[in-house]
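Down below is the structure, laid out as structure tokens.
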Amino acid sequence: MTSDTNAPDAHQVTVAYRLQRSRRRWRAIAFLALIVAVLAVAGRFAYQGGGGAQVARVEISGNIATDRDRVELLNKLGEDPSVKAVLISINSPGGTTAGGEELFETIGALRAKKPVVAVIDELGASAAYMTAIAADRVYARRLSIVGSIGVLFQTINAGKLLDTIGIGTEKIASGPLKAEPDLSKPMSPEVRASLTGLVADSFNWFVDIVAQRRGLARPDALALADGRILTGGEALNDKLIDAIGGEDDAIAWLEANKNVAQDLPVVTRTPTGNGWSLGKWFGSEARAALGIGGEGPVALDGLVSLWQVN
């Protein structure tokens, strides 16, 4: 009688069976977790579409840039009969001037249809302050950071570094201001004058809307537009905000002054346009869990209205 030395013993069979069963169990758990997540996300965005009278909360956070989906959301809120008012929750250092202008104009159009109130949390500076003043009323905490009214164009001169490491640059341009400033050399007077005009045009528009929306004489608005930041308390004294407070105070003001029914639910509404996908949502949630921001990095090209650009 012969024995098969390659045949698995009972212990090996038991271990293999347990491993196989464990894999099946974890696959089932993962599948169920995915189903729950999909249903939760679907329910979240389905609920955002309506479900009764509400105050819509729109969050403006991180670096501001132009965003078609966000514009579409704000426009839809203006047409949604279930939305009785909109609360703009701001926590941002600013961003591109074009992004701030887009929000200012879009919220202005929304304000013509629905009451809009802005609440600045920790930070509402530069393009984020530009966003806040589009609302009917602006709140900030006493120690929030507000202001930084101004525009910036920043570049570097790496000419000495390139000379040190032996790197030269060459270019052929159609005109003396094309592809300027050139980081390989100091800024020429002509280039500086051109960029100064660029900054001045945007800055003057910013000062004009601050004066208009905050009821200030232009010289008074200009005096506050040297780039300084202020606490909420200082901003209130300088008439850059309307009141000290948070979201509860803003809701109370809507009830008392805009005929918004008491105790309406406040529902956070987020852009869900063509740029949204389940993968993107999971990715943003993962970044948020890691503490690196739910939106990820935003490139800020061109003119910026941003506090602490570095």
Side-chain angles (χ1 to χ4, degrees), residues 60 62-68 71 92-106 123-134 145-214 216-230 238 240 293 295-310:
I60 306 298
N63 289 338
I64 292 172
T66 57
D67 186 331
R68 288 189 299 272
V71 169
S92 166
T96 67
T97 50
E101 178 190 6
E102 180 182 79
L103 274 168
F104 178 82
E105 298 291 351
T106 307
L123 180 58
S126 298
Y129 179 69
M130 192 186 296
T131 299
I133 62 175
I145 292 176
V146 179
S148 189
I149 300 168
V151 179
L152 171 70
F153 184 97
Q154 183 168 287
T155 185
I156 62 172
N157 174 15
K160 291 183 179 179
L161 173 62
L162 295 176
D163 289 342
T164 299
I165 59 180
I167 296 177
T169 62
E170 295 180 350
K171 69 177 178 181
I172 299 174
S174 59
L177 299 180
K178 184 66 177 175
E180 292 287 353
D182 187 334
L183 62 82
S184 67
K185 61 183 182 182
M187 196 181 294
S188 69
E190 294 80 12
V191 172
R192 185 174 296 277
S194 173
L195 294 176
T196 298
L198 192 73
V199 170
D201 183 64
S202 298
F203 174 67
N204 285 329
W205 178 80
F206 197 171
V207 173
D208 286 342
I209 65 169
V210 170
Q212 173 202 348
R213 292 296 303 153
R214 300 308 307 161
L216 298 170
R218 196 178 194 280
D220 294 335
L222 188 61
L224 296 168
D226 55 4
R228 74 183 72 178
I229 56 172
L230 306 98
D238 288 328
L240 293 180
E295 298 173 351
V298 177
L300 297 179
D301 296 323
L303 284 174
V304 296
S305 185
L306 182 71
W307 179 61
Q308 294 285 32
V309 69
N310 290 326

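- Across Gly95 and Ala127, no two heavy atoms sit closer than the pair N-CB, 3.6 Å.
- The distance from atom OG of Ser92 to atom CG of Leu123, rounded to the nearest 0.5 Å, is 6.5 Å.
- When Val210, Asp226, Ile229 are each tested for a side chain to side chain contact (heavy atoms under 4.5 Å, CB included) with Ile149, only one passes: Val210.
- We find the CD1-OG1 distance between Ile64 and Thr131 to be 4.0 Å, quoted to the nearest 0.5 Å.
- Among all heavy-atom pairs drawn from Asp238 and Leu216, the shortest one is O-CD2, 4.2 Å.
- Legend: residues meeting side chain to side chain donor-acceptor pair (under 3.5 Å) with Asp220, ordered by chain and number and at least two apart, are absent.
- Sorted by first and then second residue, the side-chain hydrogen bond (donor to acceptor under 3.5 Å, both in side chains) pairs involving residues 196-211 (not counting sequence neighbours) are Asn204-Arg218, Asp208-Arg218.
- If you take CD1 on Ile145 and OH on Tyr129, they are separated by 15.0 Å, rounding to the nearest 0.5 Å.
- Remark: the backbone N or O of Ser148 is paired with a side-chain donor or acceptor of Ser126 at under 3.5 angstrom.
- The two residues Met187 and Val191 have their closest heavy-atom pair at CG-CG1, 3.5 Å.
- Atom-to-atom distance recorded for Glu101:CD and Thr106:OG1 is 9.5 Å, nearest 0.5 angstrom.
- Taking CG of Leu103 as the start and CD1 of Ile60 as the end, the distance is 5.0 Å to the nearest 0.5 Å.
- Rounded to the nearest 0.5 Å, atoms OG1 (Thr96) and CD (Glu102) are 8.0 Å apart.
- Between Leu222 and Phe203 the shortest side-chain heavy-atom distance falls below 4.5 Å.
- Counting all heavy atoms, side chain and backbone alike, Arg213 lies closest to Ile133 at NE-O, 2.8 Å.
- The heavy-atom pair separating Ala225 from Val207 by the smallest distance is CB-CG2, 3.8 Å.
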